[in-house]
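For this chain, numbers begin at 1 and follow the sequence in order. Atoms within a ligand are numbered from 1 in the order they appear, just like the ligands themselves.
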Amino acid sequence: MLTLTDLPEALRQHVAATRERVAALHAELPRNELVVWTAGNVSERVPGTEEAGLPGLFVIKPSGVSYDDLAAEVMVVCTLDGEKIDDGTPARLQPSSDTAAHAYVYRHMEHVGGVVHTHSTYATAWAARHEAIPCVLTMMADEFGGDIPVGPFALIGDDSIGRGIVDTLRESRSPAVLMAQHGPFTIGKDARAAVKAAVMCEEVARTVHVARQLGEVQRIEQAHIDSLYARYQNVYGQGGKQPEQQQDPHHGEEAGS
Ligand SMILES: O=C(CO)[C@@H](O)[C@@H](O)COP(=O)(O)O
């Protein structure tokens with residue numbers, strides 16, 4: 001078993017910083033009303049392992065622990081096979097029950113640095129119906145680049161959920177997938193981006209549901225979706241990229257391709 005204290009100092013510092021980020025980001029789940037009790041989790045890939053010639057690692061919350069108690073020192077460090085390393089936490093402290101799903105995503109989507117899972121009400125209601133959320137809002141085009149897809153029903157406990165997430169998201173620009181009759185999983189370049197996608201996923205799930213109560217909704221034309229997505233992903237905010245820097249952040253290709 002890999003032992004944290006045996007790792008190079010630089011990597012130990014990366015692990016410590018990742019633990020701090022993942023612990024802090026878990027507070028965003030109840031703050032944004034995405035979870036009840038402990039029903040949600042955040043993980044982030046530890047940077048620098050490849051450079052050190054070591055196996056990939058990621059940090060995830062311990063299973064079933066209250067968000068009030070999720071300090072950095074109880075964040076669990078796992079290999080990309082989902083195995084807990086000797087990370088300084090008590091041996092009895094088990095990683096999230098979704099660790100296998102997060103690990104599968106990290107093994108099969110190298111550009112992904114963060115994964116989030118919630119059971120947020122409106123997104124989970126769409127998942128209960130096995131129904132993709134149609135791209136009828138500019139905010140959906142901005143953040144999801146189209147519809148939010150549905151993934152297959154899969155039981156927890158092996159690679160089934162992770163495989164369903166990856167197989168679905170590989171066919172979509174969306175950073176969110178609604179796993180049928182379970183709930184949303186989101187990805188991002190880091191854990192913060194994945195938490196943002198989870199917040200936006202619940203927001204648009206609610207808005208589109210309300211709109212459909214009022215009447216028919218109409219999907220935005222694909223050309224407009226592509227244009228909105230390219231702008232938001234590459235120009236929005238303070239970090240506007242120059243044309244040569246622009247790419248699709250979820251898939252590493254040219255935006256809009
Ligand atoms: O849906 C499930 C369990 O069925 C989990 O996603 C949820 O309860 C969160 O579990 P963890 O506390 O992360 O182990």
Quiz item: Taking only residues at least two apart or on different chains, which pairs with a member in residues 35-65 satisfy ring-ring contact (aromatic ring centres under 6.0 Å, His included)?
Solution: Phe58-Tyr106
Quiz prompt | Charged N-O contact under 4.0 Å between Asp87 and Arg19 | solution = yes
Exercise. Could you list the residues that satisfy ring pair (Phe, Tyr, Trp, His ring centres under 6.0 Å) with Tyr67, not counting sequence neighbours?
Key: none
Expected rows: ligand 1 N/O, protein N/O, dist below 3.5 Å:
unit_1: ligand 1; atom_1: 1 (O); unit_2: His119; atom_2: NE2; d: 2.9
unit_1: ligand 1; atom_1: 1 (O); unit_2: His182; atom_2: NE2; d: 3.4
unit_1: ligand 1; atom_1: 6 (O); unit_2: Asp98; atom_2: OD2; d: 2.4
unit_1: ligand 1; atom_1: 6 (O); unit_2: His117; atom_2: NE2; d: 3.2
unit_1: ligand 1; atom_1: 6 (O); unit_2: His119; atom_2: NE2; d: 3.4
unit_1: ligand 1; atom_1: 10 (O); unit_2: Ser97; atom_2: OG; d: 3.1
unit_1: ligand 1; atom_1: 12 (O); unit_2: Lys61; atom_2: NZ; d: 3.0
unit_1: ligand 1; atom_1: 12 (O); unit_2: Gly64; atom_2: N; d: 2.8
unit_1: ligand 1; atom_1: 13 (O); unit_2: Asn41; atom_2: ND2; d: 2.9
unit_1: ligand 1; atom_1: 13 (O); unit_2: Ser96; atom_2: OG; d: 2.7
unit_1: ligand 1; atom_1: 14 (O); unit_2: Ser63; atom_2: OG; d: 2.6
unit_1: ligand 1; atom_1: 14 (O); unit_2: Ser97; atom_2: N; d: 2.7
unit_1: ligand 1; atom_1: 14 (O); unit_2: Ser97; atom_2: OG; d: 2.7

Quiz item: Would the His182 and His117 ring centres measure less than 6.0 Å apart?
Solution: yes
Quiz item: Which pairs pass ring-ring contact (aromatic ring centres under 6.0 Å, His included) with one or both residues in residues 197-223, sequence neighbours excluded?
Solution: Tyr122-His209
Quiz prompt | Sidechain N-carboxylate O distance under 4.0 Å for Lys196, Asp190 | solution = no
